[in-house]
Trainee: 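Can you keep this structure in mind? I'll have questions shortly.
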Amino acid sequence: MKIILYGRKGHAYTVAFKNFLNSTDEPYIYKDVSLDASAREHSKELYDGVVKYPTLFVDDDVYLTPTTEEFNKIMQDLKLRA
């Protein structure tokens, strides 16, 4: 399973999602859209020219600005626990 999270340092949802992912044994990639130009440009492509976050990628699935409830459901479906 490949998990990538786009976010931004200090952003509440980003911090919460990273904290959860850090507490699992599942490796993931984090990209800060304020520091990573390619992630920032990719975000603009996904959101019609606007940089938004968080964005979660799980294998071939893309979750655009998931809420905490949506994120928890995705993690539950993936059988990931803190």
Side-chain angles (χ1 to χ4, degrees):
M1 174 175 12
K2 184 174 182 178
I3 299 174
I4 301 172
L5 176 66
Y6 286 3
R8 187 163 185 215
K9 183 179 178 180
H11 179 258
Y13 284 127
T14 300
V15 171
F17 296 174
K18 278 182 64 182
N19 285 342
F20 177 86
L21 290 167
N22 286 337
S23 71
T24 71
D25 291 331
E26 190 67 39
Y28 74 99
I29 298 167
Y30 171 68
K31 296 187 179 193
D32 188 320
V33 295
S34 66
L35 303 174
D36 186 315
S38 64
R40 185 170 46 253
E41 289 307 310
H42 189 210
S43 180
K44 286 181 180 179
E45 291 172 17
L46 294 169
Y47 296 101
D48 297 322
V50 180
V51 177
K52 291 187 180 183
Y53 44 86
T55 306
L56 181 66
F57 304 87
V58 180
D59 295 327
D60 294 329
D61 296 321
V62 180
Y63 302 94
L64 302 177
T65 57
T67 64
T68 300
E69 185 176 283
E70 291 166 334
F71 178 83
N72 290 340
K73 172 87 169 81
I74 295 162
M75 294 300 109
Q76 186 177 25
D77 291 347
L78 296 173
K79 311 261 191 283
L80 291 182
R81 295 187 176 267

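Only heavy atoms go into these numbers, but all of them, side chains included; no hydrogens, no water, no symmetry mates. Every value quoted in this text rests on a predicted model; they were computed, and no experiment measured them.
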Trainee: Excluding sequence neighbours, so at least two apart, what forms side chain to side chain donor-acceptor pair (under 3.5 Å) with T65?
Mentor: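 In terms of side chain to side chain donor-acceptor pair (under 3.5 Å), with neighbours along the sequence ignored, T65 is linked to no residue.
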Trainee: Provide the closest heavy-atom pair for P66 versus P54 in the form atom of the first, atom of the second, distance.
Mentor: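 Looks like CD-O, 3.4 Å.
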Trainee: Apart from L35 itself, which Ile, Leu, Val, Met, Phe, Trp or Tyr residues share its cluster (side-chain heavy atoms under 4.5 Å, direct or through members)?
Mentor: none
Trainee: Would you check if K31 and V33 make a side-chain contact, meaning some heavy-atom pair closer than 4.5 Å?
Mentor: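 SC-SC contact between K31 and V33 ruled out.
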Trainee: Please list all pairs meeting salt bridge (charged side-chain N to carboxylate O under 4.0 Å, His left out) that have one or both residues in residues 34-47, counting only residues at least two apart or in different chains.
Mentor: E41-K44
Trainee: For D77, what residues pass the side chain to side chain donor-acceptor pair (under 3.5 Å) criterion, not counting sequence neighbours?
Mentor: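 Checked D77 against side chain to side chain donor-acceptor pair (under 3.5 Å); matches are K73.
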Trainee: Applying side-chain hydrogen bond (donor to acceptor under 3.5 Å, both in side chains) as the test, list every pair that has at least one member in residues 1-11; sequence neighbours left out.
Mentor: Y6-H42, H11-T14
Trainee: Answer yes if V15 and Y53 sit in the same cluster of Ile, Leu, Val, Met, Phe, Trp and Tyr residues linked by side chain heavy atoms under 4.5 Å apart, and no otherwise.
Mentor: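 Not linked; separate clusters.
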Trainee: Connecting only ILVMFWY residues whose side-chain heavy atoms lie within less than 4.5 Å of each other, what is the rest of F17's hydrophobic cluster?
Mentor: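 Same cluster as F17: M1, I3, L5, Y13, F20, L21, Y28, Y30, L56, V58, Y63, F71, I74, M75, L78, L80.
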Trainee: Using the side chain to side chain donor-acceptor pair (under 3.5 Å) criterion, which residues pair with T55? Sequence neighbours excluded.
Mentor: Y47
Trainee: Give me each pair satisfying salt bridge (charged side-chain N to carboxylate O under 4.0 Å, His left out) with a member in residues 16-26, each pair once, sequence neighbours excluded.
Mentor: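 Matches after skipping sequence neighbours: none remain.
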